[in-house]
Amino acid sequence: MAASVRARSMARRRVGAGTSLALAAEGTLGAALSSLQESRSCYAERLRAVSGLAAAERAIHETLLWQLRVLAGWLPASGTALARAFAGTFEIENIVALAHQLDGGAEAPEPYRLGALATAWHRLGSAGTRDELTTMLRTSPWRDVGDAGPAGPGTLRAGLQVAWARRLAAVAPAAGTWCGAVCVLTAARSLSVDGTIPPAPLPRLLRPVLGRAWESSGSIGDFRAALPPSLQKVVRDIASPRELWRAEARAHAQMERDGFVFLRASLPGPDVVLGAMAVLSVDAWRVRAALAAAAAGAGSSEVLDEAA
């Protein structure tokens, strides 16, 4: 009961679709940030000392993670798995950044502080070489990704995202449609890179959700037709890989709509908390898209328009 009440209360502090569109229409990033900094939204406190886009995006992510940690604190012990699964996206960011650094890339930023919501980061974060990180992944809940050995950042991220989506759906069956959308978009992006089946272990991770027929697709139309009927709508009206951003925006919008349905459930329970997590997550996505549009001086956001 207490967790459901808290979840509904936190969801009411979101910025919302309308305000996000208004932020996108601001002439500059500074103007958009000023509006947020002066607001009573959940992002205001962390944005007060921020000026650049990258720092603002990080502050928004930090706010969402804090919200998840607060919700987790209100959950009974049996509900911790839900919060930990949802927060897996932040662990993915930590892992990919560390892998990139260990491969000789840019120094990883300060990792997101997951606390009790960490899946395996407490151990993975200590890896000193790429091979060591791969070995640690193989013996962690991310083992299906680590089994393929070292992979490039793009392949690693894709595999982790699919593993995360499937884990969330296993913990919260109501998130099954979101898992399907993640898998469809991941497969579509992977095929669009070079027109061939993506490297292991991605196909193996995707097969329980998408089957095998999509692996031989030669076009986005063939790909859509090869998907299970219930998932074909994720890429409806998408004519080329360049338009996948539209499908991604619509997937976020659907996740938000589902979240509102869960929040309005008459009885308290884990689906109410899941709904709040979904609504807060999409709200953070909307605000980041709005700030990016303001920074570009675009006057509007095609991404947010697509998700309207």
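Computed from a prediction, not measured in an experiment: that's the story for all the values here. Side chains included, hydrogens not; waters and symmetry mates left out as well; all remaining heavy atoms used.
- Using modelled atom types, one side-chain atom of R224 and one backbone atom of V235 make a donor-acceptor pair closer than 3.5 Å.
- A single hydrophobic cluster is seen to contain both F86 and V70, as judged by linkage of ILVMFWY side chains at heavy-atom distances under 4.5 Å, directly or through other members.
- In the hydrophobic cluster analysis, where Ile, Leu, Val, Met, Phe, Trp and Tyr join through side-chain heavy atoms closer than 4.5 angstrom, V282 is grouped together with W245.
- Checked for salt-bridge contact, E256 and R14 miss the test: no charged N lies under 4.0 Å from a carboxylate O.
- The CZ atom of R246 sits 4.5 Å away from atom CD1 of I238, with the distance rounded to the nearest 0.5 Å.
- A donor-acceptor contact shorter than 3.5 Å links the side chain of R13 to the backbone of R40.
- Scanning all heavy atoms of the two residues, the minimum distance from A83 to L117 falls at CB-CD2, 3.8 Å.
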Begin with the C-alpha distance, continue with both residues' side-chain angles, and end with the deciding distance and a verdict on side-chain contact (heavy atoms from CB on, under 4.5 Å) for L227 and V234. CA-CA 10 Å; L227 294 172; V234 176; 5.9 Å; no
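- Between R113 and R69 there is a side-chain heavy-atom pair separated by less than 4.5 Å.
- The backbone N or O of G30 lies less than 3.5 Å from no partner atom in the side chain of S34, so there is not a single donor-acceptor pair.
- To the nearest 0.5 Å, atoms NE2 (H122) and CG (L114) are separated by 7.5 Å.
- Side-chain contact check for L202 versus V162: some heavy-atom pair is nearer than 4.5 Å.
- Residues A44 and L36 share a closest heavy-atom pair of CB-O, 3.5 Å.
- Under a hydrophobic clustering in which Ile, Leu, Val, Met, Phe, Trp and Tyr are joined whenever their side-chain heavy atoms come within less than 4.5 Å, directly or via other members, I60 and L65 fall into different clusters.
- Using a 4.5 Å heavy-atom cutoff, the side chains of S126 and M136 are in contact.
- Heavy-atom minimum distance, V273 versus S4: CG2-N, 4.4 Å.
- No donor-acceptor pair under 3.5 Å is formed between the side chain of R286 and the backbone N or O of L304.
- Distance check: M277 CE to M255 CE gives 10.5 Å after rounding to the nearest 0.5 Å.
- Using a 4.5 Å heavy-atom cutoff, the side chains of L102 and D131 are not in contact.
- Inter-residue side-chain proximity for W285 and L64 is flagged as unmet; no heavy-atom pair is nearer than 4.5 Å.
- Taking each heavy atom of W178 and G259 in turn, the nearest pair found is CZ2-N, 4.4 Å.
- No side-chain heavy atom of W164 sits less than 4.5 Å from a side-chain heavy atom of L160.
- Rounding to the nearest 0.5 Å places CZ of R207 at 13.0 Å from SG of C183.
- Here the side chains of E93 and R157 are in contact, with some heavy-atom distance below 4.5 Å.
- Counting all heavy atoms, side chain and backbone alike, L29 lies closest to L291 at CD1-O, 3.8 Å.
- Under a hydrophobic-cluster definition in which Ile, Leu, Val, Met, Phe, Trp and Tyr are linked whenever side-chain heavy atoms come within less than 4.5 Å, directly or via other members, V279 and L71 are assigned to different clusters.
- For S217 (side chain) and W214 (main-chain N/O), a donor-acceptor pair under 3.5 Å exists by modelled atom type.
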Yes or no on side-chain contact (heavy atoms from CB on, under 4.5 Å) for D283 and Y43, after CA distance, side-chain angles and deciding distance? CA-CA 11 Å; D283 193 64; Y43 309 107; 2.8 Å; yes
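- Seen from the ring of W142, R167 counts as a face-on cation partner, given the 6.0 Å and 45° thresholds.
- Judged by distance alone, the side chain of R166 and the main-chain N or O of L205 form a donor-acceptor pair under 3.5 Å.
- Interatomic distance, L231 CG to R236 CZ, rounded to the nearest 0.5 Å: 13.0 Å.
- Summarising the geometry of A116 relative to R84, their closest heavy-atom pair is O-NH2, 3.1 Å, with the distance given to 0.1 Å.
- Enclosure of atom CD in E45 is not indicated, since only 12 or fewer non-hydrogen atoms of other residues, nucleotides or ligands lie within 6.0 angstrom.
- Note that CZ of R130 and CG of L98 are 8.5 Å apart. Values are rounded to the nearest 0.5 Å.
- Between the side chain of E248 and the backbone N or O of L185 there is no donor-acceptor pair closer than 3.5 Å.
- A heavy-atom distance below 4.5 Å is found between the side chains of L82 and L168.
- Without hydrogens or angle criteria, N94 side chain to Y112 main chain gives a donor-acceptor distance under 3.5 Å.
- Note on L68 and V182: same hydrophobic cluster, where clusters join Ile, Leu, Val, Met, Phe, Trp and Tyr whose side-chain heavy atoms are under 4.5 Å apart, directly or indirectly.
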Is there a side-chain contact (heavy atoms from CB on, under 4.5 Å) between D144 and R204 once you walk through the steps? CA-CA 9 Å; D144 287 343; R204 175 168 50 81; 4.2 Å; yes
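- Around the CZ atom of R123, the shell of radius 6.0 Å holds more than 12 heavy atoms that belong to other residues, nucleotides or ligands.
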Should R250 and K233 be marked as a side-chain contact (heavy atoms from CB on, under 4.5 Å) after you check the CA-CA gap, both sets of side-chain angles, and the distance that decides it? CA-CA 10 Å; R250 294 193 310 230; K233 61 185 177 183; over 6 Å; no
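- Judged purely by atom type and a 3.5 angstrom limit, S9 has no side-chain atom pairing as donor or acceptor with the backbone of V5.
- Between the side chains of E26 and S35, at least one donor N or O sits under 3.5 Å from an acceptor N or O.
- Under a 3.5 Å cut-off, the side chain of Q37 and the backbone N or O of L47 do form a donor-acceptor pair.
- Shown here is Q232, whose CD atom has more than 12 heavy atoms of other residues, nucleotides or ligands within 6.0 Å.
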